[in-house]
Number of protein chains: 2
Amino acid sequence: MADNTQVKNANGRGGDKPTTMADIARIAGVSTATVSRALANPAVVTAETREKIDRAVADADYRVNTLARNLRKMETRTILVIVPDIANPFFSDIFRGIEEVAHENGFVAVIGNTEVDPEREAAYANMARERRADGLLLLDGKLPAWASGASALGGVPFVMACEYVDGPDICLVRTDNYDAAKLAVAHLAELGHRRIAHIAGPLDRSISQDRMRGYHDGLAEAGLDDDPALIFEGDFGLDSGTAAIPTLMLGKPTAIFTSNDEMAMGAIQGLRAMGLGVPEDVSVVGFDDIRFAGAYNPPLTTVAQPRYEIGRLATEMLMQLLSGHELGQRQRVLNSSLVIRESSAPPAKAGG
Amino acid sequence: MADNTQVKNANGRGGDKPTTMADIARIAGVSTATVSRALANPAVVTAETREKIDRAVADADYRVNTLARNLRKMETRTILVIVPDIANPFFSDIFRGIEEVAHENGFVAVIGNTEVDPEREAAYANMARERRADGLLLLDGKLPAWASGASALGGVPFVMACEYVDGPDICLVRTDNYDAAKLAVAHLAELGHRRIAHIAGPLDRSISQDRMRGYHDGLAEAGLDDDPALIFEGDFGLDSGTAAIPTLMLGKPTAIFTSNDEMAMGAIQGLRAMGLGVPEDVSVVGFDDIRFAGAYNPPLTTVAQPRYEIGRLATEMLMQLLSGHELGQRQRVLNSSLVIRESSAPPAKAGG
DNA sequence: TTACGCGATGCAATCGATTACATATTGCCT
DNA sequence: AGGCAATATGTAATCGATTGCATCGCGTAA
């Protein structure tokens, strides 16, 4: 019961010294240089030598010490993904795409969860400067003072995804939020809605702004009212969707377009609380098509973004940056599409 | 347009050599040892020296090279969190707890997303052996051949959370799945249900087994039928909940207890598809109380686990292991509670 | 046979921070 | 004044893998 932490084995941290490359070299009767080469590129050594080394490695259960390798090569093969809220399913899907490409390239993806806290954002930004990561993937729009003009942040290559700041040199993968929002509004207008409300995300974020612009222009193109009383600024959280309802319903909308699915669900809760049904009394269209959108009651009409693809593409771009290759395009805009389910329907009393 | 990757600054990767501690030492007119000490523990140097060093550091925008430090100290201050599916909100909440404690201790938490793929599991396990991480946090139950007996995995300290394998030396934080499942069944029995079905998780996972046992014993304690036709093995995914319904409803249950919330939602979809309402026709109780459970329609009755706390506790335990401290307890079992919402109600025709 | 070339291997420097040990400086006590 | 302790700093070894350069040996062509 006293020794509570460790088992001992050839490469353990607990007991005797771990096996090093020098040990393998000694056992195999060659130099460390040969061991290193044999491990990195088996083709450059004799079959005989390779065999001796392989056996020694297996016998001693040797693992390379990444710490030493990293120092020598001055790289970590790690990328840092800065995200505002990992619990948000929107981000976790993107992350899967990121992680996959990273893996394919022998990289590891680390998550830096900022909770939109500037202090933590700064801490993570520093991580890269301190060489704990080779590059950065920013899924977080509020890049505080970082907004330099080029795709390197204090010397650290980075790629932005979804959220962005302007700058021609910035590497960026995003979706056509503006067009998608117009699409959503057009869908509601087509159904016959004339008073369409909007629950926006925080307006200091580029995606919220873009979606808002799409909303306005969508309204204009359909020749509908653009009433300031029909706009509410939420925070992308479920509760803010609910909180929006009492105020918003004063303006008598028959449909609501929300800037993400969580707020859509919140809004539906708020409507339920007022005894209003979706879509019978009010239609709701969300944004993101998160994992639960289709399984919601009613299944959510929403804008689907190619999340996985965003993650993959952004990471591939970063890999290019890191390898010093020329980039084909620095900015990629992916298409979203409207997924029509059951939360949207024609208004109860046919809107003129 | 040609130079597409780098800006140059004092510590950049792009241009000239980055600033090292030796540079700072030269500028400040002291030795690297003094710089190192001044940075690690300002109290041990003269105010004067400290000032010179601070100025040099600020002027040159120096950042410590973590790679070198790691090698010398033979640690990474990184823990690897192995999880089966990061997109699952259950895990992302735990991760927030983990990340927070890690941060408090100057550690970084890396996610290893296995997708229950043995190959990836092995890859991540190796990461630790290769010293890319100081310790492991296993949120994944299917620990393949790893099931050694002690809290070190090939020499790497680890703590398990939620899922577990047996062994007195294993460090573990989990919840009382068995009791909680009994609680859920008791709740349904109290409402008057006599035929209660169960959608289980994969039965090779300890939590699924525990919840299943709780279900059986809960049934027994309430003196209810325990009909094999009322049991379905799902995979924790939404779709498997839906898929369970046609089969399960053959047994005419009036209530369903599911082993997680996703399957509960899936089940509700399946019931809807058959024209059945929840809770009017069938009651549903889930497990986990994920972020969207309360905002679902109907709001889900479910078992709430202290996710954040699980993450914190497990990480604190790991920190103890890493610092070589004695552990107070190696196993902690946290309490879950039943959150009663609207997806459960008395059966339509009073069950006699 | 000599020389050249190439493939395989070894030697030793290197990456940059940390730290044990040595040295130097100051002050204090008797 | 002499000696000891405490404090501040410097010197140099160290962590372990990688890699430029040197070397060795063997085969082949002139």
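Lettering follows sequence order; numbering is per chain, from 1.
- Position along DNA chain C of the nearest nucleotide to B/R37 versus B/A68 favours B/A68 as the more 5'-ward residue.
- Residues A/A25 and A/V35 come closest through the heavy atom pair CA-CG2, 3.7 Å.
- Among the atoms of the strands shown, only primed sugar atoms or phosphate atoms (P, OP1, OP2) are found under 4.0 Å from some heavy atom of B/T34.
- For A/S31 and C/dG10, the shortest distance from a side-chain N or O to OP1 or OP2 is below 4.0 Å.
- Interatomic distance, CZ of A/R37 versus OG1 of A/T32, reported as 8.5 Å (0.5 Å rounding).
- Closest approach of A/I24 and A/Y62 over heavy atoms only: CD1-CB, 3.6 Å.
- Here salt bridge (Lys or Arg N to Asp or Glu O under 4.0 Å) pairs that include residues 70-82 of chain B, with residues two or more places apart or in two chains, are B/E75-B/R77.
- Both B/V30 and A/T32 lie close to DNA chain D; mapped to their nearest nucleotides by heavy-atom distance, the more 5′-ward contact belongs to B/V30.
- If you take CG of B/L71 and P of C/dT18, they are 11 Å apart, rounded to a whole angstrom.
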### Task
Assess whether side-chain contact (heavy atoms from CB on, under 4.5 Å) is satisfied between A/R307 and A/F91, documenting all intermediate values.
CA-CA 8 Å; A/R307 290 191 292 282; A/F91 289 115; over 6 Å; no
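- Dashed line: the shortest gap from a side-chain N or O of A/T49 to OP1 or OP2 of C/dA8 is not under 4.0 Å.
- Within 4.0 Å of B/S36, counting heavy atoms only, lies at least one base atom of the nucleic acid.
- To the nearest 0.5 Å, atoms CG (B/L39) and CE (B/M21) are separated by 5.5 Å.
- A nucleotide of DNA chain D counts as in contact with chain A when one of its atoms lies under 4.0 Å from a heavy atom; the first and last such, 5' to 3', are D/dG16 to D/dG20.
- B/E100 and B/Y308 form a side-chain donor-acceptor contact under 3.5 Å, judged by distance and modelled atom types alone.
- Whole-Å rounding puts the B/E48 CD to C/dT25 P distance at 15 Å.
- Nucleic acid contact class of A/V44 (heavy atoms, under 4.0 Å, all strands): sugar-phosphate only.
- End-to-end axis angle of the helix from C/dT1-D/dA30 to C/dT30-D/dA1, using five pairs per end and rounding to 10°, comes to 50°.
- Side-chain contact annotation: A/D134 with A/T76, donor-acceptor N/O pair under 3.5 Å present.
- Counting only N and O atoms by type, the side chains of A/N113 and B/R96 include no donor and acceptor under 3.5 Å apart.
- Between B/N41 atom CG and C/dA17 atom P there is a gap of 18 Å when expressed in whole angstrom units.
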